[in-house]
Amino acid sequence: MNKSVRVRFAPSPTGYPHVGNIRTALFNWLFARHYGGSFIVRIEDTDVARKVKGAVEVILDSLCWLGLDWDEGPYFQSQRLELYREAAKRLISQGDAYYCYCSPQRLEEMRAEQVRRKQPPGYDRHCRNLSQKERAEKEAEGITPVVRFQTPLSGQTKFSDLIWGEVVFENDTIDDFVLLKSDGYPTYHLASVVDDHLMEITHVLRAEEWLSSTPRHRLLYQALGFEPPQFAHLPMILGADRAKLSKRHGAVSITEYREQGYLPEAMVNFLALLGWSLDDKTEILPEQELINSFSLERVSRTAAVFNRDKLNWMNGVYIRRLSVEDFTQRALPFLDSGLPPEVKRPLSIEYIRQIMPLIQERARTLAEVAELAQFFFVDKLDYAPSLLIGKSMSQELATQALETAKQRLGRLEVFDAESLEAMLRPLAVELGLKTGQLFGVLRVAVTGRTAAPPLFQTMSVLGKEQCLKRIETALDRLHRL
RNA sequence: GGCGCAUUCGUCUAGGGGUUUAGGACACCUCCCUCUCAAGGAGGAGAUCACCGGUUCGAAUCCGGUAUGCGCUACCA
């Protein structure tokens with residue numbers, strides 16, 4: 001398997017890249033990188049009607065974001081139509097395919113009838129044995145035919161899937177599927193087989209939903225005289241209700257995760273663990289370790305539910321592993337877009353650099369950074385004054401504590417964390433308060449919240465002037481209670 | 001309806017005949033650390049391994065059936 005492995009990621013530009021598609025891309029990429037092979041990108045744009053403009057760019061951009069670099073492509077099937085037509089023509093002349101003139105209406109009625117009679121739906125081979133004369137008549141009517149594969153009526157098609165093992169299908173359960181549509185475009189079946197052969201793809205790793213169509217592809221390879229690649233069908237990714245992942249489950253496009261502040265490296269690690277595992281304990285596997293240890297043997301056969309909680313945890317792990325500077329750079333755009341509009345821009349990078357160490361260990365996503373750090377930026381804090389009076393505190397005690405702290409703070413020369421601590425701890429004793437009581441009041445006064453980064457560091461970053469101002473405001477609110 | 005596939009804690013999974021009182025992770029709970037939060041540490045709860053039958057001295061692991069779920073069954077991919 002070491003010898004020139006060639007795999008491909010073949011998305012169709014009919015929408016934005018679904019996490020399921022991306023997981024498929026990731027497995028292909030890991031497989032290629034593990035064996036030192038080639039990862040090829042091919043755009044399957046053969047459905048003119050469903051094509052979404054801009055989708056190709058978003059797909060490619062997402063691959064780049066995740067670091068899934070490709071060695072060849074992107075190839076576009078829409079630019080290779082002649083290849084598929086030639087193949088179809090060859091199949092017709094060989095007697096392995098034929099023209100079908102059935103109208104969409106007839107096919108629809110046929111299907112409805114089959115469903116009503118509980119018959120397996122499928123093309124009834126109406127045009128399979130048309131005479132020369134009958135064909136000429138249809139042509140004369142101006143009907144543009146489709147080309148259908150002439151599926152063997154008996155026998156079996158079997159293949160060995162790298163993940164599912166031996167799979168056998170009876171040929172009589174496979175209908176005469178369309179190869180070339182009336183608009184001249186190939187269907188997925190024809191195009192992917194022709195391209196996988198021409199591009200010398202050695203392994204087709206694709207979603208499980210393709211398992212059922214694999215016998216068709218095997219039959220096509222056979223008829224065209226091509227050697228088939230190895231197939232490996234990947235388990236599906238489901239939503240929390242075990243249904244196929246869809247819009248109802250929240251974010252399904254990889255771009256949404258990017259916008260929500262997930263790190264690409266966390267995303268890669270998380271997605272790799274959906275359907276694959278290294279052993280019974282390893283969860284955190286950075287890219288290189290993933291490449292080193294990836295193997296098809298350890299891919300599971302059961303569909304996996306996308307667990308958002310676990311993703312959040314893992315993203316937090318990766319965020320904490322970043323250097324402060326790296327974290328700061330990545331958080332910057334999220335601060336810019338997430339902070340209230342009244343905060344004046346551009347943001348001071350020097351100030352942000354002081355804040356970020358306090359935020360990094362608390363954020364699970366980059367999008368949370370703005371919220372967590374907001375009190376460092378806004379002018380006036382918005383909080384319920386009652387928060388100033390903590391547990392086992394009274395209005396009087398809180399007022400006294402703040403008042404005294406304000407005076408002492410005002411006299412403090414050096415406003416760093418050490419000095420603040422050296423001054424505030426004894427003050428609690430002096431006031432007959434527990435440290436938690438004193439610090440609690442100060443925390444709310446200075447940050448507007450009961451949960452925030454460590455007090456002394458926070459105050460130090462905020463600066464003496466700002467702290468005093470906020471304590472003043474807090475005192476004011478306390479008086480009005 | 002037909003065909004194909006699957007089924008281990010809520011979720012991701014390990015484990016593939018005895019080493020299993022079924023292991024880990026997320027989430028949850030308790031405690032520790034501690035100025036709050038987060039992180040970290042220590043515990044806890046959580047799975048009759050879908051069900052039924054068979055093979056075997058012994059089955060989560062092998063076989064068969066049933067149930068359930070999923071996929072395919074398009075001039076979509």
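Every chain is numbered from 1 and lettered A, B, ... according to where its sequence line falls, protein lines coming before strand lines.
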- request: Take atom P in B:rA42 and the same atom in B:rC33, then report the distance between them in whole Å.
  value: 15 Å
query: So which nucleotide from B:rU13, B:rU36, B:rC26 ends up closest to the side chain of A:K310?
result: B:rC26
- line: Whole-Å distance, A:I284 CD1 to B:rG24 P, equals 17 Å
message: Classify A:G275 by what it touches in the nucleic acid, base, sugar-phosphate, or nothing, heavy-atom distance under 4.0 Å.
response: sugar-phosphate
task: Pick the P atom in B:rG23 and in B:rC49, then give their distance to the nearest Å.
output: 13 Å
- request: Could you work out which one of B:rU36, B:rG24, B:rA27 sits closest to the side chain of A:W313?
  value: B:rA27
message: Regarding A:V305, tell me which of base, sugar-phosphate or nothing describes its non-hydrogen contacts under 4.0 Å with the strands shown.
response: sugar-phosphate
task: Evaluate the criterion salt bridge (Lys or Arg N to Asp or Glu O under 4.0 Å) for residue pair A:R111 and A:E108; output intermediate values, then yes/no.
output: CA-CA 5 Å; A:R111 242 186 314 271; A:E108 205 172 305; over 6 Å; no
- prompt: To the nearest Å, how far apart are A:F149 CZ and B:rU73 P?
  reply: 17 Å
task: For A:E44, report the nucleic acid contact type (base, sugar-phosphate, nothing); a contact means any heavy atom under 4.0 Å.
output: sugar-phosphate
- line: Picking from B:rG4, B:rA38, B:rC75, the nucleotide nearest the side-chain atoms of A:F169 would be B:rG4
Please write out each protein N/O paired with an N/O of nucleotides 14-20 of chain B under 3.5 Å, distance rounded to 0.1 Å.
from, atom 1, to, atom 2, distance (Å)
B:rA14, OP1, A:S277, OG, 3.2
B:rA14, O3', A:R298, NH2, 3.3
B:rG15, OP1, A:R298, NH1, 3.0
B:rG15, OP1, A:R298, NH2, 3.2

Whole-Å gap separating P (B:rC26) and CZ (A:R308): 18 Å
field: Given B:rA39, B:rC75, B:rA6, the nucleotide with the shortest approach to the side chain of A:R148
entry: B:rC75
field: Lys/Arg-Asp/Glu bridge criterion (N-O < 4.0 Å) met for A:R85, A:E82
entry: yes
query: Given B:rA77, is OP1 or OP2 found less than 4.0 Å from the side-chain N or O atoms of A:T46?
result: yes
Residue A:P120, side-chain atoms from C-beta onward, closest of B:rG2, B:rA27, B:rU7: B:rG2
query: Can you tell me how far P of B:rA74 sits from CG of A:D124, to the nearest Å?
result: 12 Å
field: Shortest side-chain distance from A:E209, nucleotide among B:rG24, B:rC76, B:rG71
entry: B:rG71
query: Which part of the nucleic acid, if any, lies within contact of A:F456, taking any heavy atom under 4.0 Å across all strands shown: a base, the sugar-phosphate backbone alone, or nothing?
result: base
- prompt: Are any of the side-chain nitrogens in A:E86 or A:K89 under 4.0 Å away from the carboxylate oxygens of its partner?
  reply: no
- prompt: Across all strands, who's sitting opposite B:rA50 as a Watson-Crick or G-U wobble pair, both distances under 3.5 Å?
  reply: B:rU66
message: Check A:E113 with A:K118, please: is the shortest side-chain N to carboxylate O separation under 4.0 Å?
response: no
field: For B:rC26, the Watson-Crick or wobble counterpart (both distances under 3.5 Å)
entry: B:rG10
message: Let's test this: given Watson-Crick or G-U wobble pairing with both distances under 3.5 Å, identify the partner of B:rC75.
response: none
- prompt: Does A:T151 reach the main-chain N or O of A:D175 with its side chain, forming a donor-acceptor pair under 3.5 Å?
  reply: yes
field: A:P121 side chain, from C-beta outward: closest of B:rC37, B:rU73, B:rA77
entry: B:rU73
message: By nearest heavy atom, map A:A240 and A:V317 onto RNA chain B; which one lands nearer the 5' end?
response: A:A240
message: Taking donor-acceptor contacts at under 3.5 Å, does the side chain of A:T173 reach the base of B:rG2?
response: no
Rounded distance (Å) that lies between atom P of B:rA38 and atom CG of A:L358: 16 Å
Inter-nucleotide P distance (B:rG4, B:rC9), Å rounded: 27 Å
task: Report the nucleotide, chosen from B:rC75, B:rA77, B:rA6, that has the shortest atom-to-atom distance to any side-chain atom of A:R50.
output: B:rA77
message: Over all strands shown, is A:P215 touching base, sugar-phosphate only, or nothing at heavy-atom distances under 4.0 angstrom?
response: nothing
message: Quick check: on RNA chain B, is the nucleotide nearest A:D175 upstream (toward 5') of the one nearest A:A452, or the reverse? Name the residue that is more 5'.
response: A:A452
message: Please give the distance between the C1' atoms of B:rA45 and B:rU30 as a whole number of Å.
response: 10 Å
- prompt: Would you call A:K51 and A:D47 a salt bridge, taking side-chain N to carboxylate O under 4.0 Å as the test?
  reply: no
- request: Return the value, rounded to whole Å, for the distance between atom CG of A:L211 and atom P of B:rU73.
  value: 13 Å
Interatomic distance at P, B:rC52 relative to B:rG44, whole Å: 30 Å
message: Partner lookup for B:rC31, please. Criteria are Watson-Crick or G-U wobble with both distances under 3.5 angstrom; report none if nothing qualifies.
response: B:rG41
field: Nearest listed nucleotide, side chain of A:L274, among B:rC12, B:rA38, B:rA39
entry: B:rC12
- prompt: Using a cut-off of 4.0 Å on non-hydrogen atoms, how would the nucleic acid contact of A:S212 be classed: base, sugar-phosphate, or nothing?
  reply: base
task: Starting from P on B:rC26, measure out to CG on A:L285 and report it in whole angstrom.
output: 14 Å
task: Using the P atoms only, state how far B:rC51 lies from B:rA67, rounded to an integer number of Å.
output: 16 Å
message: Could you check whether A:R80 pairs with A:E44 (Lys NZ or Arg NE/NH1/NH2 to Asp/Glu carboxylate O, under 4.0 Å)?
response: no
A:D279 bridged to A:R298 by N-O distance under 4.0 Å: no
field: N/O (side chain, A:R449) to phosphate O (OP1/OP2, B:rU36) under 4.0 Å
entry: no
task: Please confirm whether any donor atom in the side chain of A:Q119 sits under 3.5 Å from an acceptor in the base of B:rG2, or the reverse.
output: no
Mate of B:rU19 where both pairing distances stay under 3.5 Å, Watson-Crick or G-U: none
message: Applying the side-chain hydrogen bond (donor to acceptor under 3.5 Å, both in side chains) criterion to A:Y262, which one of A:N315, A:T365, A:N312 satisfies it?
response: A:N312
- prompt: Across all strands shown, which nucleotide pairs with B:rA60 by Watson-Crick or G-U wobble geometry, both distances under 3.5 Å?
  reply: none
Same-atom distance (C1') from B:rA22 to B:rU48, integer angstrom: 12 Å
message: Between A:K181 and B:rC76, is there a contact of a side-chain N or O with OP1 or OP2 at under 4.0 Å?
response: yes
message: Between B:rA60 and B:rG2, how far apart are the two C1' atoms, rounded to whole Å?
response: 32 Å
Minimum-distance nucleotide (side-chain atoms of A:D309 versus B:rC76, B:rC26, B:rU7): B:rC26
task: Could you list the residues that satisfy salt bridge (Lys or Arg N to Asp or Glu O under 4.0 Å) with A:R470, not counting sequence neighbours?
output: none
message: Under 4.0 Å, counting only non-hydrogen atoms across every strand here, what does A:R320 touch: a base, just sugar-phosphate, or nothing?
response: sugar-phosphate
message: Taking A:D124 first and then A:R106, would you say they form a salt bridge - that is, a charged N and a carboxylate O separated by under 4.0 Å?
response: yes
Sidechain N-carboxylate O distance under 4.0 Å for A:R135, A:E139: no
message: Base, sugar-phosphate or nothing for A:V115? Non-hydrogen atoms, less than 4.0 Å.
response: nothing
